[in-house]
Amino acid sequence: MRVEIWSDIACPWCYIGKARFEKGLAGFAHRDQVEVVHRSFELDPGRAKGDTAQVIDMLAQKYGRTPEEARGMEENVAANARAEGLGYLTEGRDHGNTFDIHRLLHLARARGRQDALLDLAYRANFAEERSVYDDEVLVELAVEAGLDGAEARAVLADPEAYAAEVRADEREASELGANAVPFFVLDRRYGISGGQPAEVFAQALEQAWKDRPLTALGGDAAACDADGSCEVPRP
């Protein structure tokens, strides 16, 4: 069975949702027969490469909030992340265009190291003060994930390398009706949107294994939509 996950490194609910999905998968009897593929989805595709902003400033401007209110929003998301055992910094993080990260993740997929690189990139972005919008940091992460540093650097230097693969993922997301991430598709039979609880993923895996028709599972859950807006749960 294949599980495809559309996500973006800039999306905190993708970070949290991946951890919750993996908890649901851990208890699935057929987990060794599940192939997980990560697909590309950009939350801020119009932002130019190198144009970054501090997350607190970005949130305040985007939502028309004060910096203090933006910090409160981040603290609420951080609480959800920490409840899953994830590190989460509310200060010192930046935000930018993630196209190059997605291109590098496609290289990692071709080399069998996609999940390792994704975990490292999430950790760097949300739990460490390492900018995933810096090419040198991306090369370091690629090497940590087991990729060849020279090959990773060559991909980043060539704007066309794996660009078609990223665009194909994004077109497919649109065709499937995915307008927010994370978005999970189980064996092309079940669609799950948002960072659902682990129990929802466990149920979905069981049902998908039984070869049922495509069904939306779970109720509304926090997600980041296509214009980059990320829902924040009430404290």
Using the rule given for side-chain hydrogen bond (donor to acceptor under 3.5 Å, both in side chains), can you reason through H102 versus D169, listing the C-alpha separation, both sets of side-chain angles and the distance that settles it, and then say yes or no?
CA-CA 10 Å; H102 287 297; D169 279 355; over 6 Å; no
Does a side-chain heavy-atom distance below 4.5 Å link M73 with V55?
no
Joint hydrophobic cluster, L107 plus V166, side-chain heavy atoms closer than 4.5 Å
no
Show the numbers, then the answer: is there a side chain to side chain contact (heavy atoms under 4.5 Å, CB included) between L186 and W209?
CA-CA 9 Å; L186 284 68; W209 189 260; over 6 Å; no
For a 4.5 angstrom cut-off between non-hydrogen side-chain atoms, does R20 reach N80?
yes
Which distance, rounded to the nearest 0.5 Å, do you find between the CZ of F99 and the CD of E170?
7.0 Å
Is it true that E42 and K49 make a salt bridge, defined as a side-chain N closer than 4.0 Å to a carboxylate O?
no
Separation between CZ of R123 and CD of E128, rounded to the nearest 0.5 Å:
5.0 Å
Check for me, please, whether L118 and Y133 land in the same ILVMFWY cluster - side-chain distances under 4.5 Å, paths through other members count.
yes
For a side chain to side chain contact (heavy atoms under 4.5 Å, CB included) check, start with the C-alpha distance between L141 and E144, then their side-chain angles and the critical distance, and finish with the verdict.
CA-CA 5 Å; L141 294 173; E144 289 174 32; 4.2 Å; yes
Should the pair R93 and Y88 be classed as cation-pi, given the thresholds of under 6.0 Å to the six-membered ring centre and 45° from the axis?
yes
Under 3.5 Å, is there a donor on one side chain and an acceptor on the other for S7 and H38?
no
Taking the side chain as everything from C-beta on, heavy atoms only, tell me whether C14 gets closer than 4.5 Å to C224.
no
Considering all heavy atoms of both residues, which atom of C11 and which atom of P182 are nearest to each other, and what is their separation?
SG-CD, 4.3 Å
E151 bridged to R113 by N-O distance under 4.0 Å
no
List for me each residue that meets ring-ring contact (aromatic ring centres under 6.0 Å, His included) alongside F201, sequence neighbours excluded, and say none if there are none.
F21, F184
Nearest heavy atoms of K23 and A198, plus distance in Å
CB-CB, 3.8 Å
Report yes or no: does N125 contribute a side-chain atom to a donor-acceptor pair with the main-chain N or O of I9 at less than 3.5 Å?
yes
Determine whether E91 and R71 satisfy the following criterion, side chain to side chain contact (heavy atoms under 4.5 Å, CB included), listing intermediate values before the conclusion.
CA-CA 8 Å; E91 299 279 356; R71 288 187 183 92; 2.6 Å; yes
Indicate yes or no: at least one non-hydrogen side-chain atom of M1 is less than 4.5 angstrom from one of L205.
yes
Are R31 and E22 ion-paired here, with the side-chain N under 4.0 Å from a carboxylate O?
no
In terms of the angle between their ring planes, are Y122 and F126 parallel, tilted or perpendicular, with boundaries placed at 30° and 60°?
tilted
One should read off an interatomic distance between D8 CG and N97 CG, to the nearest 0.5 angstrom, of 8.5 Å
Quick check: closest heavy atoms across H106 and S40, and the distance to 0.1 Å?
NE2-OG, 3.3 Å
Please report the C-alpha distance between V139 and L147 in whole Å, then the side-chain angles of each, then the deciding distance to 0.1 Å, and finally whether the side chain to side chain contact (heavy atoms under 4.5 Å, CB included) criterion is met.
CA-CA 9 Å; V139 171; L147 297 174; over 6 Å; no
Non-hydrogen side-chain atoms of L59 and R65 separated by less than 4.5 Å
no
How long is the straight-line distance from CG of D115 back to CG of L105, given to the nearest 0.5 Å?
10.0 Å
Can you tell if the side chain of I16 reaches within under 4.5 Å of the side chain of V77, non-hydrogen atoms only?
yes
Donor-acceptor pair, R130 side chain versus V137 backbone, under 3.5 Å?
no
Where is the tightest heavy-atom contact between A223 and A180, given as atom of each residue plus distance?
CB-CB, 4.1 Å
How close do L176 and W6 get, counting heavy atoms only, and between which atoms?
CD1-CH2, 3.6 Å
Membership question, hydrophobic clusters at under 4.5 Å side-chain separation (ILVMFWY): are L89 and V132 in the same one?
no
Is any side-chain heavy atom of D44 less than 4.5 Å from a side-chain heavy atom of T98?
no
Is the number of heavy atoms from other residues, nucleotides or ligands under 6.0 Å of E69 CD greater than 12?
yes
From CG (L25) to NZ (K18), nearest 0.5 Å
10.0 Å
Spacing of H95 atom NE2 and L43 atom CG [to the nearest 0.5 Å]
7.5 Å
Side-chain touch R109/R39, heavy atoms, less than 4.5 angstrom:
yes
